[in-house]
2 protein chains.
Amino acid sequence: MLSKTAEYALRATIYIALKGSEDNKLGIEEIAKGIDSPRSFTAKILQLLTQNNRVISSVRGPNGGFYLTDRARKLPVKAILAAVEEENVITKCVLGLKECSETRPCPMHTQYKNIKKQLKQMFEKTAIQQLVDEFNKGNYFIDNLKGVRKPC
Amino acid sequence: MLSKTAEYALRATIYIALKGSEDNKLGIEEIAKGIDSPRSFTAKILQLLTQNNRVISSVRGPNGGFYLTDRARKLPVKAILAAVEEENVITKCVLGLKECSETRPCPMHTQYKNIKKQLKQMFEKTAIQQLVDEFNKGNYFIDNLKGVRKPC
DNA sequence: GTAAAAAAGGACACAAATATCCTTTTTTAA
DNA sequence: TTAAAAAAGGATATTTGTGTCCTTTTTTAC
Ligand code: FES
Ligand code: FES
């Protein structure tokens, strides 16, 4: 469904929103550990998220790190996908035709368009902060560590 | 969503089911042109479909080619995905956690599981022949050729 | 103003997906 | 029984995705 890049982007952003703030910025080391992802690769992805679309904010130097502004927390999850150029999941033809349209539909279009609509809604209507709230209800996870983990 | 391999596998199988039969087998040349895909790569994919799961039947030599048996036409679309080892779209966690489960859900699980269920149903409950029937209703497409095309 | 901390950036390494080409085997038709 | 047709198979090339490492820049604390 999504590339590793997009998956790490989503997990990292949620993690930062969850555990960080403007006066408690998180380092790449902690983030990568927290979401169980390769450190340097994740760093590259965070660059995309700070540059392209300003989903994540960052500060260099001692006490620097990553955090999300209140504005960013209100952004839809789709903004994360946009930053890593993977919005196309919600527009593509399931059979890989160049265009997905009503005027030139593939044989699966009628069935698939309904699913795609829901995917689109999920990514567009869900704010990043909503995922944080969901997590904070308890018993949600964002890493692959075994055993039960205390919710934050 | 799906890899090129899976997309070509789906389109090719539908095309063969649509235009071929046991006494009108289709050559790789025609198939690749018919679905607008790279010839040799498509040939490799058809090998997977003939071997792994017997979705497609083939015969070598003059008047040889590819076709679908009546039995194969009744197989679910998922059988095509299985042949190219891409069934995991309907089981994976949207955030890329190693397991998607109720006992260890990610923050998007609650929303995504419903979508995944529908995806699963689409691939499992739809028979290959149904897609052919859908196509034959007219004004459906399986290639990228411009302009209006006469439905078969 | 110097040293340390941290992200940013660049270069490279490795792996997987995509794609092409050529040879071999099977089959049919003449 | 030979030639041609067609898929099967093998080797390799190309591109993209994933991942690492090292240097540079920015910032803070002392
Ligand atoms: S045209 Fe294929 S999904 Fe819309
Ligand atoms: S755990 Fe992430 S989708 Fe189910």
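Remember, predicted model here, so these are calculated numbers, not experimental data. Quick note on labels: first sequence line is chain A, next is B, and so on, each numbered from 1. The figures here come from the full heavy-atom set of this structure, side chains too, leaving out hydrogens, waters and symmetry mates.
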Partners meeting salt bridge (charged side-chain N to carboxylate O under 4.0 Å, His left out) with B:K113 (sequence neighbours left out): B:E102

Table of protein N/O atoms under 3.5 Å from nucleotides 13-16 of chain D N/O atoms:
none

Looking at DNA chain C, which of residues 35-43 of chain B put a heavy atom within less than 4.0 Å of it? B:P38, B:S40, B:F41

Scan B:K44 against the nucleic acid and name what it touches under 4.0 Å (heavy atoms): base, sugar-phosphate only, or nothing. base

Taking side chain to side chain contact (heavy atoms under 4.5 Å, CB included) as the test, write out the residues that go with A:S21, two or more places apart. A:D23, A:N24

Partner residues of B:K92 under the salt bridge (charged side-chain N to carboxylate O under 4.0 Å, His left out) criterion, sequence neighbours left out: A:E7

Could I get the full list of side chain to side chain donor-acceptor pair (under 3.5 Å) partners for A:Y15, not counting sequence neighbours? A:E30

A:E29: which residues meet the side chain to side chain contact (heavy atoms under 4.5 Å, CB included) condition with it, sequence neighbours left out? A:K33, A:R39

At the 4.0 Å heavy-atom cut-off to chain A, mark where contacts on DNA chain C begin and end, going 5' to 3'. C:dA4 to C:dA11

With salt bridge (charged side-chain N to carboxylate O under 4.0 Å, His left out) as the rule and sequence neighbours excluded, what pairs involving residues 125-135 of chain A come up? A:E134-A:K137

Please list, chain by chain and in numerical order, all residues satisfying side chain to side chain donor-acceptor pair (under 3.5 Å) with A:S40, sequence neighbours excluded. none

In chain order, what residues pass the side chain to side chain contact (heavy atoms under 4.5 Å, CB included) check against A:N63, with sequence neighbours excluded? none

Just jot down the side chain to side chain contact (heavy atoms under 4.5 Å, CB included) partners of A:A17, sequence neighbours excluded, or say none. A:L68, A:R73, A:I128, A:V132

